[in-house]
Structure formats: C-alpha cells, structure tokens
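No hydrogens, no waters, no symmetry mates; every other heavy atom, side chains included, goes into these values. These numbers were taken from a predicted model, which means no experiment stands behind them.
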Amino acid sequence: MENKKEFYNDLYNELYSLIGDERNTVAILANTSALLNYHMKDINWVGFYLVNDNELILGPFQGNPACMHIPFTKGVCGACYRNDETIIVDNVHNFSGHIACDSNSNSEIVIPIHKNNEIVGLLDIDSPIYSRFDNEDKLGLERIVSMLEMVI
C-alpha cells in the first residue's frame, strides 16, 4: 500500500488529467468530488459548499443528501470560513455548533477555496471513523484545492 504522500500525489495527477482544459466550475467540482469519493477510503461524504451572499450553499457532492444552507456562524464549515484555514475535527460530536447532516459522520476536514484573495467555497469531507484525517490529508487536500483555485 502506498503512503499518503504518494496517494495524494497520484490523486493530484489524476485530477489534473481529468480537468484538462475544462473551465466550467460545476463540472470541475462535480468530477473532483466523484474522484475523491472513489479513491479515498473510510469517508462517507465529500463535496463543496459555495459562498452565496451571506451563507454557504451546497454544491456538487457525493454521499447522502446534505444541508443546503449553512450560515457562516454555524458548524465546521462556518468555522473554516470565518478562520480562513483548514480545519480537522477528530470528533464532530465534541465540536461546538456542529451541524449533524449525517449522524454517521464522526470526523471531518474542511479546506477553504480562494479566488482573487477571497473565499469562494469549501471542500468538505466527512468520515464515519473518528480521527480519520491527519496532517498528510491536510497537505494533500490543500494541494488539490490549490489546483482548483487555478481553474475555477
């Protein structure tokens, strides 16, 4: 089994090939969520929330139906938006203000996506496994988000 650094490098290269010269944001985010869902183990939801007016709106995703509107003041996604930094939560049940869209989710990672120095969206990944995400996941997923930032 390859290590996480190799895994994310391979994933980055596959996404790069998949995107090609596509520039439609919805198409790119839809295929990115599908690719991550296909390759990542022990996750139960992966998708995007997009900034719209004064809230986060559900974008392309893979998994069970999800919350469609998230205020900037609520949940892990709201905290990621407010702090403008990646957030890893080992146990979402201990996170003050957590929004339980799926009761099977136990850990979460959320990465901000920028365009013109402003947050335009978030990559959100949930897992039924406690402490599923670590610094290697953070670095690998931030690199994937950096590619998205160049093309959306």
### Query
Which pairs with one or both residues in residues 27-77 pass disulfide (SG to SG under 2.5 Å), sequence neighbours excluded?
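Checked against disulfide (SG to SG under 2.5 Å) - neighbours excluded - the pairs reaching residues 27-77 are Cys67-Cys101.
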### Message
Enumerate the disulfide (SG to SG under 2.5 Å) contacts for residues 109-152, please, sequence neighbours excluded, ordered by first and then second residue.
### Response
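Output for this query is empty, none listed.
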### For Tyr81, all residues meeting ring pair (Phe, Tyr, Trp, His ring centres under 6.0 Å), sequence neighbours excluded
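In terms of ring pair (Phe, Tyr, Trp, His ring centres under 6.0 Å), with neighbours along the sequence ignored, Tyr81 is linked to Phe72.
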Is it possible for you to say whether [X] and [Y] belong to one hydrophobic cluster, with membership spreading through side-chain heavy-atom contacts below 4.5 Å?
| X | Y | value |
| --- | --- | --- |
| Ile152 | Leu18 | yes |
| Ile70 | Met68 | yes |
| Phe133 | Leu139 | no |

### Query
Partners of Asp90 by salt bridge (charged side-chain N to carboxylate O under 4.0 Å, His left out), sequence neighbours excluded?
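Salt bridge (charged side-chain N to carboxylate O under 4.0 Å, His left out) check on Asp90 returns nothing, list empty.
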### Query
Hey, what do you get for CD1 (Ile88) to CD1 (Ile109), rounding to the nearest 0.5 Å?
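Ile88 atom CD1 to Ile109 atom CD1 measures 4.0 Å (nearest 0.5 Å).
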### Query
In Å and rounded to the nearest 0.5 Å, what is the CD1 to CG distance from Ile19 to Leu35?
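Here the interatomic distance stands at 9.0 Å.
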### Query
Ignoring hydrogens and geometry, is there a side-chain-to-backbone donor-acceptor pair from Asn83 to Glu85 under 3.5 Å?
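Not a single qualifying donor-acceptor pair exists.
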### Query
Could you give all pairs that pass the side-chain hydrogen bond (donor to acceptor under 3.5 Å, both in side chains) test and reach residues 138-152, with sequence neighbours left out?
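The answer is Asn9-Arg143, Thr86-Glu142, His114-Glu149, Lys138-Glu142.
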#### Entry: Any pair counted as side-chain hydrogen bond (donor to acceptor under 3.5 Å, both in side chains), so long as it reaches residues 47-61, sequence neighbours left out
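Non-adjacent pairs meeting side-chain hydrogen bond (donor to acceptor under 3.5 Å, both in side chains): Glu55-His69.
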For [X], side chain to side chain contact (heavy atoms under 4.5 Å, CB included) partners two or more places apart:
| X | answer |
| --- | --- |
| Pro71 | Thr73, Lys74 |
| Asn116 | none |
| Asp134 | Lys4, Glu136, Asp137 |
| Tyr16 | Met147 |

### Task
Let me see the working for Leu50 and Val120 under side-chain contact (heavy atoms from CB on, under 4.5 Å), right down to the final yes or no.
CA-CA 6 Å; Leu50 304 174; Val120 296; over 6 Å; no
### Message
Is there a side-chain contact (heavy atoms from CB on, under 4.5 Å) between Leu11 and Ile144? Walk through the geometry before answering.
### Response
CA-CA 8 Å; Leu11 203 54; Ile144 286 169; 3.8 Å; yes
Using a 4.5 Å cut-off on heavy atoms from C-beta on, say whether the side chain of [Y] contacts that of [X].
| X | Y | result |
| --- | --- | --- |
| Glu108 | Trp45 | no |
| Glu14 | His39 | yes |
| Leu123 | Leu141 | yes |
| Val151 | Arg23 | yes |

### Message
Assess, by modelled atom type and distance only, whether the side chains of Asn106 and Tyr130 contain a donor and an acceptor separated by less than 3.5 Å.
### Response
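The answer is yes; a qualifying pair exists.
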### Message
If only side-chain N and O atoms count, and only distance matters, is there a donor-acceptor pair under 3.5 Å linking Ser105 with Asn44?
### Response
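Side-chain D/A pair, Asn44 to Ser105: present.
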### Query
Please walk me through it: do Ile113 and Ile111 pass side-chain contact (heavy atoms from CB on, under 4.5 Å)?
CA-CA 7 Å; Ile113 303 168; Ile111 301 104; 5.7 Å; no
Show which side-chain atoms of residues 56-64 pair as donor or acceptor with protein atoms under 3.5 Å away, not counting sequence neighbours.
from  : atom 1 : to     : atom 2 : distance (Å)
Asn64 : ND2    : Asp102 : OD2    : 3.3

Of all heavy-atom pairs between [X] and [Y], which one has the smallest distance, and what is that distance?
| X | Y | value |
| --- | --- | --- |
| Phe48 | Leu29 | CE1-O, 3.3 Å |
| Ile119 | Asp84 | CD1-OD1, 3.4 Å |
| Ser107 | Ile129 | OG-O, 2.6 Å |
| Tyr12 | Met150 | OH-CE, 4.3 Å |
| Gly47 | Ser33 | CA-CB, 4.3 Å |

### Task
Please collect all salt bridge (charged side-chain N to carboxylate O under 4.0 Å, His left out) contacts where either partner lies in residues 114-124, sequence neighbours excluded, each pair once.
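Non-adjacent pairs meeting salt bridge (charged side-chain N to carboxylate O under 4.0 Å, His left out): zero.
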